[in-house]
Amino acid sequence: MDRRSTVLALLALGAAPFTAEAQQATKVARIGYLANNPATSPYLRETFLQGLRDLGYVEGRNLVIEYREAEGKADRLPALAAELVALKVDVILAAGSTLTARVAKEATTTIPIVFAAVGDPVGSGLVTSLARPGGNVTGLSSFGAELVGKRLELLKQAVPGVDRVAVLWFPGALGERTDKDMLREAEAAARALAVRLQVVEARGPADFDRAFSDMTRARAGVLTVLPANMFLREHKRLVDLAAKNRLPAVYTSREFVDAGGLMSYGANQPDLFRRAATYVDKILKGAKPGDLPVEQPTKFELVINLKTAKALGLTIPQSVLAHADEVIQ
C-alpha cells in the first residue's frame, strides 16, 4: 500500500465512528397519535408537539407522527389503533380519554402506550398501580375524586344563595370504583356546604332534554357536570341547555366555558400533554413503560365566563375572580 492509500485508509477508519454517531443522531422516531374526541384535539395536539420540540424532536427531520383520529366516532377507534400497530410505530400516544387508552391497550401488548389525561387508570384496568403500572402502558392521570368537591365549593361561592345542586353524571364513564368515589365526594361536599344534591343520569345525548327537565322540576339552583368523554363531545349542547334553563353550571374543562358555560375547574390539560411528551422521550431512549409511574395532575385551572354570568344575572364575587386563571369578558 503506497503512502497516499495508507493516509486515505486511516482517514476512513477515523471517520467511521463519526458516521455511526451521525446515523444514531438522525434516527427517526415514529409515534402513533390516537384520539377520539375532536373537541380537544387541535390545541392539545399542538401542545404535545411543542413538548416534543422542546426535547429536540422535529417532524420531518427526526420525527414522524402517524395521526389517527376518530372524530368522536368511538367505534372507529379499534381499526385506527390496529393501523398504528401494523405500522410498527415506536410508541402510541392515547390522547384524552380512558376509552382511547383502553382500545390502544387491547390492540397491542408490545408497543409502548402513553396516555394523557385519563380519569382513573387503575380503576379502568389500564395499569396495575400508579407507582408500578406494569405491562406496556403508563402516562398521566387528569382526575382526582376530590375535584368534584372543589367544583361544588367554587359553585357555592359563585352563587351563595343556592340550596339545591343538580349533579349530571354518566354511570360507568370512568368505572364503577371512580363513580362511587365521585358521588361520595359530592355528598361530603354537599353536607359541608349545607346544600342538597339531585343526581341526574344521562347515558347519551338523547337523555339530555329529560335530564334538564328533571333538574328544573326539582328546582335545582345550579348544576355540576361530572367528567365523561360523552359530555365533553357534546359540550356545546350541554352549555346551551344550561343557558336555556338558566342554570349556572361548573364543568370539568375549559372547552365548556369557551362555548359559553359559566365556569370550569380541573387539571390543566395542556400541562398533561406537555408532560406526555417527556414520557414518550424516555421510552424512545429505552425506558420501559411499566417502570414509569403514572403521574397525577400538578396544575389546575379555574376559568370563568363573565359574559355568561351577566346573562344569568349573576355577580361573581371578587374573592372567586381573584383565584381565576382566566376570566372571559
Side-chain angles (χ1 to χ4, degrees), residues 37 39-40 43-44 47 96-97 116-120 140-160 162 165-170 173-174 178-179 181-190 192-193 195 197 199 220-229 231-232 234-236 238-239 242-243 247-275 295-309 312 314-329:
N37 196 344
T40 60
Y43 80 97
L44 293 178
T47 302
S97 78
V118 157
D120 181 5
L140 297 112
S141 171
S142 64
F143 177 73
E146 67 278 1
L147 291 177
V148 174
K150 181 63 177 178
R151 291 188 192 104
L152 276 179
E153 181 185 336
L154 288 165
L155 195 54
K156 175 70 172 176
Q157 291 172 1
V159 192
V162 71
V165 179
V167 179
L168 184 66
W169 77 310
F170 179 1
L174 296 179
T178 305
D179 281 353
D181 289 344
M182 287 193 300
L183 293 177
R184 191 180 302 115
E185 283 290 331
E187 290 163 359
L193 297 167
V195 297
L197 291 185
V199 178
V222 293
L223 165 67
T224 182
V225 177
L226 298 187
N229 193 52
F231 291 158
L232 181 59
E234 299 290 335
H235 68 284
K236 185 67 171 69
L238 286 175
V239 165
L247 271 175
V250 63
Y251 303 94
T252 55
S253 60
R254 67 166 300 138
E255 286 85 0
F256 293 89
V257 184
D258 288 338
L262 177 62
M263 58 197 297
S264 67
Y265 181 77
N268 184 301
Q269 299 282 319
D271 180 62
L272 295 178
F273 275 70
R274 261 192 303 272
R275 288 160 62 194
E295 291 187 7
Q296 301 283 75
T298 57
K299 291 184 179 180
F300 302 88
E301 62 176 0
L302 170 62
V303 184
I304 299 173
N305 191 322
L306 284 186
K307 184 178 178 181
T308 300
L312 291 168
L314 294 175
T315 300
I316 305 294
Q318 192 58 42
S319 58
V320 178
L321 291 174
H323 289 95
D325 295 277
E326 184 174 345
V327 175
I328 298 173
Q329 300 288 344

- request: Dump the intermediate steps for side chain to side chain contact (heavy atoms under 4.5 Å, CB included) on Val162 and Leu155, then the final yes or no.
  value: CA-CA 9 Å; Val162 71; Leu155 195 54; over 6 Å; no
So which heavy atom on [X] is nearest to which on [Y], and how close?
X: Ile316; Y: Ala158; result: CD1-CB, 4.0 Å
X: Glu185; Y: Val148; result: CB-CB, 4.3 Å
X: Leu226; Y: Phe231; result: O-CD1, 3.2 Å
X: Ser141; Y: Pro297; result: O-CD, 2.9 Å
X: Gly221; Y: Pro248; result: O-CD, 3.3 Å
X: Phe256; Y: Thr252; result: CE1-OG1, 3.8 Å

For residues 321-329, which side-chain donor-acceptor pairs fall under 3.5 Å, sequence neighbours excluded?
unit_1: His323; atom_1: ND1; unit_2: Ser319; atom_2: O; d: 2.8
unit_1: Asp325; atom_1: OD2; unit_2: Leu302; atom_2: N; d: 2.7
unit_1: Glu326; atom_1: OE1; unit_2: Arg254; atom_2: NH1; d: 2.7
unit_1: Glu326; atom_1: OE1; unit_2: Arg254; atom_2: NH2; d: 3.3
unit_1: Glu326; atom_1: OE2; unit_2: Arg254; atom_2: NH2; d: 3.4

Using the test side chain to side chain donor-acceptor pair (under 3.5 Å), find all partners of [X] that sit at least two apart in sequence or belong to another chain.
X: Glu146; answer: none
X: Thr47; answer: none
X: Lys236; answer: Asp240
X: Ser253; answer: Glu255

Determine whether [X] and [Y] make a side-chain contact, defined as any pair of heavy atoms from C-beta on separated by less than 4.5 Å.
X: Leu152; Y: Leu197; answer: yes
X: Leu168; Y: Leu223; answer: yes
X: Phe170; Y: Asn229; answer: no

Spacing of [X] atom [atom1] and [Y] atom [atom2] [to the nearest 0.5 Å]:
X: Leu140; Y: Thr298; atom1: CG; atom2: OG1; result: 9.0 Å
X: Leu232; Y: His235; atom1: CG; atom2: NE2; result: 7.0 Å
X: Tyr43; Y: Asp258; atom1: OH; atom2: CG; result: 7.5 Å

Residues 259-273, side-chain donor-acceptor partners within the protein, below 3.5 Å, at least two apart:
unit_1: Asn268; atom_1: OD1; unit_2: Asp271; atom_2: N; d: 3.0
unit_1: Asp271; atom_1: OD2; unit_2: Arg275; atom_2: NH1; d: 3.3

